[in-house]
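I have placed the structure first, in the form of structure tokens, so that the comments after it can refer back to it.
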Protein chains: 2
Amino acid sequence: MAVKSEHIPKATIARLATYIQVLSEFKREGTDVVSSERLAEACSVNSSQIRKDLAYFGEFGVRGVGYYVQDLITSIKRSLGIDRAWNCALVGVGNLGRALLRHREFTRKGFIIRGAFDCDPYKIGEMVEGMEIVCSRQLPAKVKELGLEIGIITTPPERAQRAANYLVGAGIKGIINFAPARVAVPKHIHLEYVDFFHYFYAAAFHIRFDEQAD
Amino acid sequence: MAVKSEHIPKATIARLATYIQVLSEFKREGTDVVSSERLAEACSVNSSQIRKDLAYFGEFGVRGVGYYVQDLITSIKRSLGIDRAWNCALVGVGNLGRALLRHREFTRKGFIIRGAFDCDPYKIGEMVEGMEIVCSRQLPAKVKELGLEIGIITTPPERAQRAANYLVGAGIKGIINFAPARVAVPKHIHLEYVDFFHYFYAAAFHIRFDEQAD
DNA sequence: GAAATTCCGTTACAAAATTCACAAACCAAG
DNA sequence: CTTGGTTTGTGAATTTTGTAACGGAATTTC
Ligand SMILES: NC(=O)c1ccc[n+]([C@@H]2O[C@H](COP(=O)([O-])OP(=O)(O)OC[C@H]3O[C@@H](n4cnc5c(N)ncnc54)[C@H](O)[C@@H]3O)[C@@H](O)[C@H]2O)c1
Ligand SMILES: NC(=O)c1ccc[n+]([C@@H]2O[C@H](COP(=O)([O-])OP(=O)(O)OC[C@H]3O[C@@H](n4cnc5c(N)ncnc54)[C@H](O)[C@@H]3O)[C@@H](O)[C@H]2O)c1
């Protein structure tokens, strides 16, 4: 699906992910058609917001009717580029890495972890969830062989830069970094930071702030 | 630390978390003083942004000098309300829940998981990381007994609402929901959604978008 | 089949966030 | 003590994001 406008707000992308989640729930409940008003309520956003977000990508609704749930899910997925599978490499098979490898939802949502890499000789060769843990040095070969496009970093923070270097050198296109460390990559590589503590900090701040307001 | 202004942007809170991360790295490297310019570069933001974000909470810098790294970390922590420990309850001890329980960083950062709850009779009584898995029904008693304030939901999505209800009923103040499901809670309860797929969707979108731009 | 109703897409407007720009504050050197 | 070189904190300008309003397309009702 072609993008109409030049720049799309980061916040719009985040909301589209929420829309998919809520729409999938509607679908499971057997709802076929939904208005922007009803969807907005379920997502805790303004209904104009939804119509505007969708307008960046095309016209998906029917005036006087609303949006067909299944069609809208398909359209949003196409807009986000998740109407196809993405092959992923996971670097760092520790606690978190294993939890991700065992999570079936990644495959179901089209993010297929096809390679698991570690540098610990005791771990290399071990099977996790039907996948053999491979030495990080083999990344370049595996990236080419398996067509890996997205790298997932779940190493300790002090090793995150090295993992990123391996991934970039191997020709990966994007990186999702779960380690709490900033990493430097060439600017054509897309980089996302996932920091759980952001959420905890925000919660702590608001809980204390709300208390003070009383 | 008193808050100067009424409303503080959500984005500011998120950035403060990044500042702490980067400042901690500076500290480890032995840097004592840092200018907003240098911090900005390391965080990939504008330097006025940093000064403005900090100004919401007070005046932490010295003109002509910059910010004392350790002092600034302390000040930001106080501003966010993480200058003390927060007792947490984890509901749903599966793959992800276990990874979180084993993660030492939570305790180090002041988010201490003091209770692990599950509803699976086979899991109740099991020890994980020195903690006994307890039946969810005991939440109200444990919340009072241990002074638990933040609930972490790591149940399957279809059980997330029930877990939230338990937590709210038990008197928790905030919830961090790792399950991909919207939940309804009274508005005095602070709720944060952690959805890994947001990051994957954003990566997929940008990788494809950047390719198209060529 | 006309009128009333619903609800999308878009434009116009308002609000919020970000960046700019500069006075005031600080330090170091002479 | 003064001067010169920095760097903060903040009001003003700019950019971005979100909301409201409304014309028009589709459906339903009578
Ligand atoms: N466990 C959690 O719940 C959790 C939560 C939030 C963030 N994190 C972050 O995720 C990361 C991983 O956490 P964890 O608990 O799984 O740690 P872990 O120590 O259990 O696992 C890290 C793994 O990375 C491997 N590794 C180290 N250097 C490597 C390299 N250069 N190349 C490939 N593999 C390498 C190690 O051998 C190990 O298997 C950490 O940065 C942590 O801060 C973890
Ligand atoms: N595993 C991952 O890497 C991962 C990644 C992203 C999101 N998630 C989400 O996190 C959640 C947990 O994932 P998981 O892989 O750990 O699943 P899991 O099935 O391994 O664990 C879920 C646990 O919750 C318990 N549970 C169910 N209902 C409960 C209730 N009412 N009260 C208390 N406990 C209850 C189950 O007994 C089980 O132990 C899911 O919603 C999943 O979508 C997981």
Side-chain angles (χ1 to χ4, degrees), chain A residues 1-19 23 26 31-76 79 202 205, chain B residues 1-19 23 26 31-76 79 202 205:
Chain A
M1 173 58 54
V3 175
K4 270 180 162 182
S5 163
E6 270 305 280
H7 176 75
I8 286 150
K10 217 175 143 65
T12 291
I13 303 297
R15 282 190 298 266
L16 288 179
T18 305
Y19 302 161
L23 285 165
F26 278 135
T31 309
D32 289 332
V33 181
V34 73
S35 70
S36 59
E37 199 65 53
R38 219 157 98 55
L39 180 57
E41 203 196 322
C43 299
S44 315
V45 298
N46 186 293
S47 66
S48 322
Q49 184 75 81
I50 292 187
R51 296 198 295 277
K52 185 155 217 181
D53 283 340
L54 297 176
Y56 284 116
F57 299 95
E59 305 192 2
F60 306 132
V62 183
R63 291 171 190 215
V65 179
Y67 300 91
Y68 293 101
V69 172
Q70 179 56 66
D71 286 0
L72 187 53
I73 292 174
T74 306
S75 299
I76 295 179
S79 303
F205 171 70
Chain B
M1 173 57 55
V3 174
K4 269 180 161 183
S5 162
E6 268 306 281
H7 175 74
I8 286 151
K10 216 177 144 64
T12 291
I13 302 297
R15 281 190 300 266
L16 289 179
T18 305
Y19 303 159
L23 286 165
F26 278 134
T31 308
D32 288 331
V33 181
V34 73
S35 70
S36 59
E37 199 64 55
R38 219 157 98 53
L39 180 56
E41 203 197 321
C43 299
S44 315
V45 299
N46 186 294
S47 67
S48 340
Q49 184 74 83
I50 291 187
R51 297 198 297 275
K52 184 138 273 189
D53 282 341
L54 297 177
Y56 283 116
F57 298 96
E59 304 192 2
F60 306 132
V62 183
R63 293 173 190 213
V65 179
Y67 301 89
Y68 293 101
V69 172
Q70 179 55 66
D71 286 0
L72 187 53
I73 293 174
T74 306
S75 300
I76 295 178
S79 304
F205 171 70

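Quick note on labels: first sequence line is chain A, next is B, and so on, each numbered from 1. These figures come from a predicted structure and were not determined experimentally. Only heavy atoms go into these numbers, but all of them, side chains included; no hydrogens, no water, no symmetry mates.
- Of the possible polar contacts, none joining the A:T12 side chain to the A:I8 backbone as a donor-acceptor pair under 3.5 Å is found.
- Within the structure, every side-chain polar atom (N or O) of A:S48 is placed at least 4.0 Å from both OP1 and OP2 of D:dA20.
- When rounded to the nearest whole Å, the span between CG of B:N46 and P of C:dT18 equals 10 Å.
- Taken from OH in B:Y68 to CD1 in B:I73, the straight-line distance is 15.0 Å, to the nearest 0.5 Å.
- For B:K10 and D:dG18, the NZ to C1' distance is 16 Å, given to the nearest whole Å.
- Put simply, CG on A:L54 is 16 Å from C1' on D:dT17, counting in whole angstrom units.
- From A:L39, atom CG reaches atom OG1 of A:T18 across 10.0 Å, with rounding to the nearest 0.5 Å.
- Within the nucleic acid shown, B:S36 comes within 4.0 Å of sugar-phosphate atoms alone, with no base atom in reach, counting heavy atoms only.
- Between A:Y68 and A:T12, the residue anchored nearer the 5' end of DNA chain D, judged by the nucleotide with its closest heavy atom, is A:T12.
- Whole-Å rounding puts the A:L39 CG to C:dG9 C1' distance at 16 Å.
- A distance of 9.0 Å separates CZ in A:F57 from CD1 in A:I76, rounded to the nearest 0.5 Å.
- Residue A:D53 is the one, among A:V62 and A:D53, whose nearest nucleotide of DNA chain D lies closer to the 5' end (criterion: closest heavy atom).
- Residue B:K52 places no side-chain atom within donor-acceptor reach of the base of D:dT10, judged by atom type and a 3.5 Å distance cut-off alone.
- Side-chain N/O atoms of A:Y67 include one lying less than 4.0 angstrom from OP1 or OP2 on C:dG9.
- In the set D:dT17, C:dT18, C:dC7, the nucleotide with an atom closest to the side chain of A:P9 is D:dT17.
- Between the OH atom of A:Y67 and the OG atom of A:S75 there is a distance of 10.5 Å, given to the nearest 0.5 Å.
- Note: CD1 (B:I50) to P (C:dC20) measures 14 Å, nearest angstrom.
- Following rounding to the nearest Å, B:I8 (CD1) and C:dA16 (P) show an atom-to-atom distance of 14 Å.
- B:R15 comes within contact range of the sugar-phosphate backbone alone, with a heavy-atom separation under 4.0 Å but no base atom that close.
- For A:R51 and C:dG9, the CZ to P distance is 9 Å, given to the nearest whole Å.
- Proximity note for B:R63 (side chain, C-beta onward) versus C:dC26, D:dA26, C:dG9: the nearest is C:dC26.
- Remark: C1' of C:dG9 and CG of A:L72 are 14 Å apart, rounded to the nearest angstrom.
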